[in-house]
Amino acid sequence: MFPSINEQLDVIRSGAIEIIPEEELIKKLEKSIKTNKQLIIKLGCDPSKPDLHIGHAVVLGKLRQFQDLGHKAILIIGDFTAMIGDPSGKNKTRPPLTLDETRINGQTYLEQATKILREDNLEVRYNSEWLNKMNFNDVIGLAAKYTVAQMLERDDFSKRYGSGQPISLHELLYPLAQAMDSVVIDSDVELGGTDQKFNLIVGREIQKAYNKEPQCILTMPILEGTDGVEKMSKSLNNYIALTDPPKEMFGKTMSIPDDLIVRYFRYAARANEKEVIELEKGLKSGEIHPRNAKVQTAKRIIELYYNKEEADKAEEEFQKIFVNKDIPNEIDEKILSFDEPVQPLMDVLVSSGLMPSKKEAKRKIEEGGVYIDGERASDPFIKVDLSTKKLFKVGKKTFLYLKNNA
RNA sequence: GGGUAGGUACCGAAGCGGUUAAACGGGGCAGACUGUAAAUCUGCUGGGCUCAGCCCUACGGAGGUUCGAAUCCUUCCCUGCCCA
């Protein structure tokens, strides 16, 4: 029923940063094979930001591998914990969300996550189901199982504490809440990014405190964002969303710094180890041009979430617009409804949504960032005739046909 | 509860009565260049208008002093640190 331990371990280890403790995982696997019972693999997610990106996909992909091995994935939608807001990586307390908001976000999350996960061997649980029921007594009982010093071991807590940044008490409760999830679902393995290591270990400790068999933890790397410096995150706007259209995925991948190519090829494009080594060698020897390596990576990523045709199309578009400075194949068209078809350029830019304000429009025109039918418009006060369709280009990548219907 | 230091634009951080839509850095946007939506360099970065000028809004909130306040006073809210 299950593959052999070594086969399973090969899959499990690939791409993983740490497995703690590995011996225990082996024992769990042995037992699973012997009793023919699935292991319970937990992945918690924070639905406060429902835009999933290819950084999240790294750990989701690992969960998928466990599913493929025959184990049971439990995806915890942290609708309750999202109200607290995991302080991880943040130096500031987050604004709390309501349970309703997190529920809606959770649904969105799920829609995106199932692009990667399979529907069988999958169970979805919302942690408000048990956390919302705990009363103050329960919370005290839980909090009594961990100490302040242990909690302050967490890197970002100690950093914030040390530098005089505020830490609200409820933030200290976050790892405990997440740990409670593990207690309730009896997880055997919990997955997470390396930044989750602390929380995952707390889960293990708390399970023990509740006389449960402790979970093993497996951490996956945190993928850098397209800027190549910070981790990929929505708030830093350096992410490639799973729902990004193909040409966005392509362009964003092309914009990563060269030294990130191999990491993206491995983790974002999910190339196998052999391919990764080949690419690495080619880049080093100069046989493979970094540009082409990026093209290949970008196309592989698009193939994961769309298909080959879309990948080819995205490449073609990119070539067209950015290399040949041509216009894209498909351009949106917007009909405006001024009383008169002849309007000042600034007004046209604002009411079409191309510019947020007239001041901004004026600036961009003066900077030479606005083109009408291929001609650079340099006078912000000119009027344009929209009785016929005109092509507007703002900056390098925004194209829009505009026409007035009156 | 006492003491003390703070709260400035998207973020960090100057300014401490007028010349301040607010230095500087980051971010963002635009331009040049490029294999690239990279790097680098340059410019811009609250809004409106009858647009080289004028007007509104803005330095935690509310009042006040002053010809004039981010800057001074009163009060309230929030945060760090020390002491209890």
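Every heavy atom of this structure was used, including side-chain atoms; hydrogens, water molecules and symmetry mates were not. So you know, we letter chains A, B, ... as the sequences are listed, proteins then strands, and number each from 1.
- Taking atom OH on Y371(A) and atom P on A30(B), their separation rounds to 12 Å, with Å as the unit.
- Nearest-nucleotide assignment on RNA chain B puts the 5′-proximal partner with G369(A), out of G369(A) and H289(A).
- Across the P atoms, C54(B) and U19(B) are found 14 Å apart, a figure rounded to whole Å.
- Distance CD (E360(A)) to C1' (G47(B)): 12 Å, rounded to an integer number of Å.
- A ring-centre distance under 6.0 Å is not found for Y161(A) and F157(A).
- The P atoms of G12(B) and G7(B) are separated by 12 Å, rounded to the nearest whole Å.
- A 6.0 Å sphere centred on NZ of K212(A) holds more than 12 heavy atoms belonging to other residues, nucleotides or ligands.
- Rounding to whole angstrom units, CZ of residue R363(A) and C1' of G28(B) are separated by 12 Å.
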* Do D385(A) and S387(A) pass the side chain to side chain donor-acceptor pair (under 3.5 Å) test, and can you show the C-alpha distance, the side-chain angles, and the key distance before you say yes or no? -> CA-CA 6 Å; D385(A) 183 357; S387(A) 53; 2.8 Å; yes

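- For the pair K115(A) and Y305(A), the cation-pi criterion (under 6.0 Å, within 45° of the ring axis) is not fulfilled.
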* R266(A) vs E275(A), salt bridge (Lys or Arg N to Asp or Glu O under 4.0 Å): CA-CA, chis, key distance, verdict -> CA-CA 9 Å; R266(A) 175 185 277 133; E275(A) 294 172 304; over 6 Å; no

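- In this structure, L349(A) atom CG and A30(B) atom C1' are separated by 13 Å, rounded to whole Å.
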Return the polar atom pairs (N/O with N/O) between nucleotides 78-84 of chain B and the protein under 3.5 Å, or none.
{"unit_1": "G80(B)", "atom_1": "O2'", "unit_2": "G164(A)", "atom_2": "O", "d": "3.3"}

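- Of the C1' atoms belonging to A70(B) and C59(B), the separation is 4 Å, rounded to the nearest Å.
- For the C1' atoms, the distance from C41(B) to C33(B) is 8 Å, rounded to whole Å.
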Give me the distances for all protein-to-nucleotides 36-41 of chain B N/O pairs that come in under 3.5 Å?
{"unit_1": "U36(B)", "atom_1": "O2", "unit_2": "M254(A)", "atom_2": "O", "d": "2.9"}
{"unit_1": "U36(B)", "atom_1": "O2", "unit_2": "K294(A)", "atom_2": "NZ", "d": "2.7"}
{"unit_1": "A37(B)", "atom_1": "O2'", "unit_2": "S255(A)", "atom_2": "OG", "d": "3.2"}
{"unit_1": "A37(B)", "atom_1": "N6", "unit_2": "K247(A)", "atom_2": "O", "d": "3.2"}
{"unit_1": "A37(B)", "atom_1": "N3", "unit_2": "K397(A)", "atom_2": "NZ", "d": "3.0"}

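- Using P as the reference atom, A13(B) and U8(B) are 8 Å apart when rounded to the nearest Å.
- Residue contacts for M346(A): at a heavy-atom cut-off of 4.0 Å it reaches a base atom on one of the strands shown.
- Side-chain atoms of H71(A) and Q8(A) include a donor-acceptor pair closer than 3.5 Å.
- Looking at residues two or more places apart in sequence or on another chain, you find a side-chain hydrogen bond (donor to acceptor under 3.5 Å, both in side chains) between Y371(A) and R376(A).
- Residue side chain K358(A) does not reach the base of G47(B) through any donor-acceptor N/O pair under 3.5 Å, judged by distance alone.
- Per the geometry, CG belonging to D347(A) stands 13 Å off C1' belonging to C51(B), to the nearest Å.
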* Asked: Step by step, would you call I74(A) with S187(A) a side-chain contact (heavy atoms from CB on, under 4.5 Å)?
  -> CA-CA 8 Å; I74(A) 298 191; S187(A) 52; over 6 Å; no

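- Between the CD atom of E287(A) and the C1' atom of G35(B) there is a distance of 18 Å, rounded to whole Å.
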* Structure fact -> Per-residue pairing states of RNA chain B in dot-bracket (Watson-Crick or G-U under 3.5 Å; . unpaired, | other strand) read ((((((((.[[[..)..(.....]]]((((((.......))))))((((...))))...[[[[[..)....]]]]]))))))).

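- Listed by residue number, R376(A), F381(A) are the residues of residues 372-381 of chain A with a heavy-atom contact under 4.0 Å to RNA chain B.
- For the ring pair (Phe, Tyr, Trp, His ring centres under 6.0 Å) test, no residue two or more places apart in sequence or in another chain qualifies with F66(A).
- Note that K252(A) lies in the cation-pi zone of Y239(A), set by a 6.0 Å cut-off to the ring centre and a 45° limit from the axis.
- Spacing between atom CE of M355(A) and atom P of G48(B) amounts to 12 Å, rounded to whole angstrom units.
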* Worked verdict on E360(A) versus S357(A) for side chain to side chain donor-acceptor pair (under 3.5 Å) -> CA-CA 5 Å; E360(A) 177 76 4; S357(A) 71; 5.4 Å; no

* To do: Determine, stepwise, if the pair R160(A) / D156(A) fulfils side-chain contact (heavy atoms from CB on, under 4.5 Å).
  => CA-CA 6 Å; R160(A) 280 163 69 186; D156(A) 68 282; 4.1 Å; yes

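- A donor and an acceptor atom never sit less than 3.5 Å apart when one is taken from the side chain of K364(A) and the other from the base of C44(B).
- Between F318(A) and F322(A), the ring planes lie tilted relative to each other; the angle falls in the 30° to 60° range.
- Across the C1' atoms, U34(B) and G25(B) are found 27 Å apart, a figure rounded to whole Å.
- Nucleotide C29(B) holds its P atom 12 Å from the CD atom of E367(A), rounded to whole Å.
- Separation of the C1' atoms belonging to G46(B) and U20(B) is 14 Å when rounded to the nearest angstrom.
- Between F198(A) and Y146(A), the angle of the ring planes goes over 60°, which puts this pair in the perpendicular group of the 30/60° scheme.
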* Tell me, with the steps shown, if Q196(A) and Q178(A) meet side chain to side chain donor-acceptor pair (under 3.5 Å). => CA-CA 11 Å; Q196(A) 284 291 309; Q178(A) 186 173 330; 3.2 Å; yes

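- Rounded to whole Å, the separation between the C1' atoms of A9(B) and A58(B) comes to 8 Å.
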